[in-house]
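Written below as structure tokens is the structure these notes are about.
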Amino acid sequence: MDDLPGCDAGSGCRMKTAIYYFTGTGNSLAAAQRIAADLGDAVLIPIASLQSTSGEITPQADRVGIVCPVYDCGVPVMVAEFAARLDLSRAAYTFAIVTMGGMGVSALHQLNGIFRERQGRGLDAGFAVRMPGNFPPLYRPPAGKKCDRTLAAADERLGAIAEAIGCGRAVPPRFAPFSTLAKAISYGSFAKSVHEADKDFSVSDACTGCGTCARVCPAGNITLERGRPAWNHRCELCCACLHFCPVEAIQLHVMRGTEGRGRYRHPDLTVADMRVQREGGTF
């Protein structure tokens with residue numbers, strides 16, 4: 001944890017904190033909840049619930065943070081668009097936390113760049129946390145004790161991150177040449193085509209028409225037509241629909257595909273949590 005310098009005795013102060021989050025499988029929500037609990041006087045605000053609003057968003061808080069996953073070494077498109085609308089002029093301290101299964105510190109540099117262009121100031125602190133990877137076309141999500149160990153290590157790191165944020169430490173995103181190169185190669189095409197990526201989803205005859213996929217989609221991209229999901233080309237490729245399907249009827253046909261390749265969601269995440277994310281509300 002060389003990006004987490006210690007705090008001077010007595011340097012911490014109690015400040016109101018607004019944490020904006022986006023999650024597909026619960027890792028980022030769990031991270032945001034841990035940070036909020038440790039800091040105190042914090043409110044969690046789902047980015048997805050602000051899609052239908054327009055104009056600038058000015059948080060009424062001393063500290064402002066974004067917590068989100070890494071997609072193709074960058075942030076979800078919805079998060080990037082939100083960050084460009086965020087007015088940080090009243091914030092004394094800004095931070096970002098990205099959760100990732102592989103590499104992705106470049107996502108922090110992306111947010112830093114958005115804020116510098118928009119605000120004339122970057123992040124005061126940026127952190128990356130390794131959590132269980134959950135994109136089955138690329139790799140099988142960890143399970144059992146391996147998953148438990150990853151979550152335990154993430155929780156320990158989040159505790160240290162909360163301490164650094166609470167102390168108001170300046171922690172610039174660390175140098176990440178491989179992640180930056182990977183983002184330069186892949187993220188542009190990802191961002192350009194992600195909303196249409198739902199064309200690669202399918203649903204099998206195992207579908208029961210329960211509607212869980214529609215309820216958990218943060219983009220409101222899924223409707224039920226004749227009892228089966230239909231995707232409406234506002235996809236963020238978070239794969240919540242795939243991971244939450246109780247009968248694994250939903251498949252994604254890219255790379256190695258998802259048939260028999262496992263599913264994952266954070267053990268504390270519920271369908272109700274995902275509905276809060278889409279419809280609005282705080283924890």
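What you are looking at is a predicted structure, and each value in this text was computed from that prediction instead of being measured.
- Taking Tyr93 as the reference, nothing meets the ring pair (Phe, Tyr, Trp, His ring centres under 6.0 Å) condition, with sequence neighbours excluded.
- Judged purely by distance below 3.5 Å, without hydrogens or angles, the side chains of Arg234 and Gln51 never pair a donor atom with an acceptor atom.
- With sequence neighbours left out, the ring pair (Phe, Tyr, Trp, His ring centres under 6.0 Å) criterion links Phe244 to no other residue.
- Within the structure, the side chain to side chain donor-acceptor pair (under 3.5 Å) test picks out the following pairs touching residues 209-223 (sequence neighbours left out): Asp198-Asn221, Thr212-Arg215, Thr223-Asn232.
- Ion pairing between Asp87 and Arg90 fails under the 4.0 Å rule for side-chain N and carboxylate O.
- One finds a salt bridge joining Arg118 and Glu56 here, because a Lys/Arg side-chain nitrogen approaches an Asp/Glu carboxylate oxygen to under 4.0 Å.
- Here Phe178 is tied into one hydrophobic group with Met103, each link being a pair of ILVMFWY side chains closer than 4.5 Å.
- The residues Arg34 and Asp155 are annotated as salt-bridged, a charged nitrogen and a carboxylate oxygen being separated by less than 4.0 angstrom.
- For Phe22, there are no ring pair (Phe, Tyr, Trp, His ring centres under 6.0 Å) partners at least two apart in sequence or on another chain.
- Looking at Pro76 and Val79, their side chains come closer than 4.5 Å, going by heavy atoms from C-beta outward.
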Between Ser106 and Ser179, is the side chain to side chain donor-acceptor pair (under 3.5 Å) condition met? List the steps.
CA-CA 5 Å; Ser106 49; Ser179 177; 2.5 Å; yes
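- Between Tyr187 and Val75, the closest side-chain pair of non-hydrogen atoms falls below 4.5 Å.
- Within the model, atoms SG of Cys73 and CE of Met100 stand 9.0 Å from one another, a figure rounded to the nearest 0.5 Å.
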Side-chain atoms of residues 127-135: list all donor-acceptor pairs with protein atoms under 3.5 Å, sequence neighbours left out, distances to 0.1 Å.
unit_1	atom_1	unit_2	atom_2	d
Arg130	NH1	Gly101	O	3.1
Arg130	NH1	Gly102	O	2.9
Arg130	NH2	Gly102	O	3.4
Asn134	ND2	Thr25	OG1	2.9
Asn134	ND2	Pro132	O	3.2

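- Shown here for Asp273 and Leu29, the closest heavy-atom pair between the two residues is CB-CD2, 3.9 Å.
- The side-chain heavy atoms of Glu163 and Asp38, taken from C-beta on, include no pair separated by under 4.5 Å.
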